[in-house]
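So that the names make sense, note that chain A is the first sequence line, chain B the second, and so on, each numbered from 1. What you see is a predicted model, and the numbers here were worked out from it, not measured in a lab.
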Protein chains: 2
Amino acid sequence: MAYDLDRIDVQILRLLQENARISNAAIAREVGMAPSAVLERIRKLERRQVILGYTAQLNPAALGRGLTAFTNVRTEEAVGATEAGEELARLPGVQEVHHTAGQDCYLVKLRVADTTALAQLLKQFGAVPTVRDTRTTIVLTTVCESNPLPLPDLEAGEGGRQA
Amino acid sequence: MAYDLDRIDVQILRLLQENARISNAAIAREVGMAPSAVLERIRKLERRQVILGYTAQLNPAALGRGLTAFTNVRTEEAVGATEAGEELARLPGVQEVHHTAGQDCYLVKLRVADTTALAQLLKQFGAVPTVRDTRTTIVLTTVCESNPLPLPDLEAGEGGRQA
DNA sequence: TATGAAATTTACCATTT
DNA sequence: AAATGGTAAATTTCATA
């Protein structure tokens with residue numbers, strides 16, 4: 001159930017991960033197939049949610065969100081509940097919310113303009129029910145973000161055909 | 001210098017962030033402009049690095065990387081140095097590397113298959129010069145990832161025309 | 001910077017193998 | 001599943017405003 005991808009699927013994924021705006025025809029040339037066949041594979045990958053979507057990577061600093069931070073949010077939620085996390089995720093500037101093992105904690109990735117905006121956002125965190133406290137780590141420099149996901153390198157099939 | 005974007009640029013960015021594979025023509029229809037004008041704006045946004053690229057969002061679990069973790073890596077580097085971070089960033093499975101304030105620390109986002117693969121990757125971290133120790137937090141569930149970056153809502157210009 | 005027209009390329013769909 | 005072929009649509013360049 002995990003992945004029934006063949007070599008061509010992986011090639012297509014690699015190309016799309018590298019440049020999501022590449023044309024179908026260009027993909028077809030790269031993989032040595034007819035464009036219609038490539039299109040059908042892409043549609044299938046989308047349908048099976050191997051591809052979740054396509055997005056432009058925007059420069060946060062150019063858009064007035066030059067400050068990145070990670071905040072650990074401790075809550076008093078029941079075990080396994082994620083209501084607080086979902087509420088945090090709705091606040092503008094919150095980019096990721098992960099529920100972590102260890103303490104009853106969320107790890108939240110933030111994009112804000114400056115420390116003033118950070119303070120305002122953290123204040124909003126405090127207003128979310130069950131939030132007990134927060135601990136924030138400010139990012140000084142980002143060495144790398146959005147490294148590509150390593151793709152399996154298959155010689156041929158991988159277990160079988162695709163559905 | 002930060003952003004000389006007008007309302008139409010922001011509209012274009014919003015559409016591309018939502019679906020990077022949207023056609024030029026569709027963008028043009030949405031913003032009420034000729035496709036050629038939209039194309040030129042996109043090229044300019046790319047040139048000015050407001051748009052950094054376009055990427056497919058892939059499902060890590062479907063690609064055999066169902067385990068997400070964040071690792072704090074403490075190093076003995078000189079202040080401001082990022083060689084260790086750059087080396088960490090080259091290891092397959094490392095998706096982000098941020099240099100953080102507070103301790104001499106990197107915060108690293110990982111995508112691995114399972115705890116065995118995690119152990120192997122952390123062992124590689126230990127082999128990087130100046131790395132002193134690591135502390136890893138495992139993600140149980142991800143409430144949200146890749147929330148869109150909030151875009152400025154401009155009524156008209158914002159300071160002036162674009163370069 | 002925007003438009004509109006023209007040439008090229010692409011996407012899409014029905015059909016065949 | 002993949003290729004083919006035909007039509008509509010989109011991309012891109014360029015002249016012009």
Whole-Å distance between [N] [atom2] and [X] [atom1]?
{"X": "Arg43(A)", "N": "dC12(C)", "atom1": "CZ", "atom2": "C1'", "result": "8 Å"}
{"X": "Leu39(A)", "N": "dC12(C)", "atom1": "CG", "atom2": "P", "result": "5 Å"}
{"X": "Ile12(B)", "N": "dA2(C)", "atom1": "CD1", "atom2": "C1'", "result": "12 Å"}
{"X": "Ile42(B)", "N": "dT11(D)", "atom1": "CD1", "atom2": "C1'", "result": "11 Å"}
{"X": "Asn24(A)", "N": "dA10(D)", "atom1": "CG", "atom2": "C1'", "result": "13 Å"}
{"X": "Glu40(B)", "N": "dT12(D)", "atom1": "CD", "atom2": "C1'", "result": "12 Å"}
{"X": "Ile22(B)", "N": "dT11(D)", "atom1": "CD1", "atom2": "C1'", "result": "15 Å"}
{"X": "Ile27(B)", "N": "dA9(D)", "atom1": "CD1", "atom2": "P", "result": "19 Å"}

Arg29(A) side-chain N/O to dT10(C) phosphate OP1/OP2 under 4.0 Å: yes

Donor-acceptor pair (no angle test) under 3.5 Å: Ser36(B) side chain, dT11(D) base: no

Toward the 5' end of DNA chain D, by each residue's nearest nucleotide, Pro35(A) or Arg21(A): Pro35(A)

Residue met sooner reading DNA chain D from 5', once Ala37(A) and Ala25(B) are mapped to nucleotides: Ala37(A)

Pair Arg14(A) + Asp9(A), salt bridge at N-O below 4.0 Å: no

N-O pairing of Lys109(B) and Glu96(A) below 4.0 Å: yes

Heavy-atom check, side chain of Ile22(B) versus side chain of Arg21(A), under 4.5 Å: yes

Side-chain donor/acceptor of Gln95(A) to backbone N/O of Pro148(B), under 3.5 Å: no

Donor-acceptor contact below 3.5 Å, side chain Thr100(B) vs main chain Cys105(B): yes

Nearest listed nucleotide, side chain of Met33(A), among dT11(D), dT10(C), dA2(D): dA2(D)

Sugar-phosphate only, base, or nothing, as touched by Ala34(A) at under 4.0 Å among non-hydrogen atoms: base

